[in-house]
Undergrad: 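First the structure, which I've put down as structure tokens, then a few questions once you've had a look.
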Amino acid sequence: MKNILVLSIVLSLCMIGCKEEKKTEAAPMVSNQMKEVMAIHDEVMPKMGKVGRLVGKLKPMVDTTAQGKRYEKAMKDLQNANTSMMKWMQDFGDQFDSDEIMNGKELSEQKKLLLNVEEENIKVVKQQIESSITNAEALLDEK
């Protein structure tokens, strides 16, 4: 009888442990995706200083000539990329709290779907920033 009680307790503890393992196994997947999203942000964010410097170089070159209009377009592309990054950060911060972003707090199903959307959005922002920098630098190198 005593052995049956001990065996029951051991089995109960094993079952509880298995349930907890399943919960912790699901969280890292979301946490990894959050890390990936933040890694893209962290890769692009340092480039924002370059965006500002390039805008500063292009601004005095803008005029009504064909070349001046090219400078203006490159400048506006940089400014739009900057605006996109700022908007993405604002929207992201409005949708996720710091525990979800920094501490791997488990996300609801709705927030998991939002994270998928935000991952795609930050990839678009990254491409916009990188291409606007590349185009502006190429234009300035022609000079």
Side-chain angles (χ1 to χ4, degrees), residues 1-62 66-143:
M1 180 91 164
K2 189 175 180 181
N3 289 339
I4 293 174
L5 181 61
V6 171
L7 184 59
S8 296
I9 292 171
V10 169
L11 287 174
S12 296
L13 289 174
C14 286
M15 290 174 62
I16 291 170
C18 290
K19 287 181 182 176
E20 287 179 9
E21 281 182 31
K22 288 179 183 175
K23 286 181 184 176
T24 57
E25 286 174 10
M29 186 173 91
V30 172
S31 181
N32 285 339
Q33 184 180 13
M34 182 66 77
K35 286 178 185 176
E36 289 174 24
V37 169
M38 293 312 298
I40 295 168
H41 164 271
D42 293 347
E43 176 188 342
V44 176
M45 195 62 198
K47 296 177 182 182
M48 299 310 291
K50 183 181 266 192
V51 167
R53 286 189 299 277
L54 288 168
V55 167
K57 287 180 182 180
L58 291 167
K59 192 170 190 167
M61 304 168 101
V62 172
Q67 187 64 20
K69 290 189 184 294
R70 289 179 66 205
Y71 291 133
E72 182 178 29
K73 181 183 179 330
M75 183 182 76
K76 286 186 177 182
D77 289 346
L78 289 163
Q79 291 169 327
N80 289 338
N82 181 67
T83 300
S84 293
M85 180 62 151
M86 296 304 128
K87 183 177 177 348
W88 181 86
M89 290 190 305
Q90 178 67 46
D91 292 347
F92 193 79
D94 289 346
Q95 295 176 47
F96 300 95
D97 65 42
S98 61
D99 281 340
E100 293 166 332
I101 297 169
M102 305 301 287
N103 299 326
K105 177 180 166 186
E106 189 161 350
L107 301 177
S108 67
E109 288 305 313
Q110 181 182 3
K111 286 199 173 187
K112 288 176 186 178
L113 295 174
L114 285 172
L115 187 58
N116 290 335
V117 171
E118 290 305 323
E119 182 175 14
E120 292 307 310
N121 289 346
I122 192 61
K123 287 177 181 178
V124 169
V125 170
K126 176 185 176 189
Q127 193 280 327
Q128 185 181 14
I129 289 168
E130 290 175 344
S131 67
S132 66
I133 288 172
T134 300
N135 293 338
E137 287 176 335
L139 186 59
L140 289 168
D141 286 345
E142 289 177 9
K143 185 181 159 195

Undergrad: What verdict does the side-chain contact (heavy atoms from CB on, under 4.5 Å) test give for L114 and F92, after you've listed the backbone C-alpha separation in whole Å, the side-chain angles of each residue and the deciding distance to 0.1 Å?
TA: CA-CA 9 Å; L114 285 172; F92 193 79; over 6 Å; no

Undergrad: Does a salt bridge link E72 with K59, judged by any charged N lying under 4.0 Å from a carboxylate O?
TA: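 Here E72 does not pair with K59 in a salt bridge, since their nearest N and O are not under 4.0 Å apart.
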
Undergrad: Please answer whether the main-chain N or O of Q127 pairs with a side-chain N or O of E130 as donor and acceptor at a distance below 3.5 Å.
TA: no

Undergrad: More than 12 foreign heavy atoms under 6.0 Å from CE of M86: is that the case here?
TA: yes

Undergrad: So for atom NZ, which belongs to K57, do other residues, nucleotides or ligands contribute more than 12 heavy atoms lying within a distance under 6.0 Å?
TA: no

Undergrad: Picking from N135, V55, I129, T83, what satisfies side chain to side chain contact (heavy atoms under 4.5 Å, CB included) with L78?
TA: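 Per the side chain to side chain contact (heavy atoms under 4.5 Å, CB included) rule, the option paired with L78 is V55, out of N135, V55, I129, T83.
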
Undergrad: Give the minimum heavy-atom separation between E142 and Q67, together with the two atoms involved.
TA: OE1-NE2, 4.3 Å

Undergrad: Please give me the minimum heavy-atom distance between M34 and I101, naming the atom from each residue.
TA: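 It is CG-O, 3.6 Å.
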
Undergrad: Do W88 side-chain atoms and E118 backbone N/O form a donor-acceptor pair below 3.5 Å?
TA: yes

Undergrad: Counting only heavy atoms not in K73 (residues, nucleotides, ligands), do more than 12 fall under 6.0 Å from its NZ?
TA: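 At most 12 heavy atoms, drawn from other residues, nucleotides or ligands, come within 6.0 Å of this atom.
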
Undergrad: Can you list the residues that meet the salt bridge (charged side-chain N to carboxylate O under 4.0 Å, His left out) rule with K123, with sequence neighbours excluded?
TA: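 Expected list: E119, E120.
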
Undergrad: Under a 3.5 Å threshold, yes or no: a donor from one side chain and an acceptor from the other, between Q90 and D94?
TA: yes

Undergrad: Looking only at the side chains, is there a donor atom on one of N116 and Q33 sitting less than 3.5 Å from an acceptor on the other?
TA: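 A donor-acceptor contact under 3.5 Å links the two side chains.
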
Undergrad: Report yes or no: does K126 contribute a side-chain atom to a donor-acceptor pair with the main-chain N or O of H41 at less than 3.5 Å?
TA: no

Undergrad: Indicate yes or no for a side-chain donor-acceptor contact from D97 to the backbone of D99 under 3.5 Å, with no hydrogens or angles considered.
TA: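 At least one qualifying donor-acceptor pair exists.
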
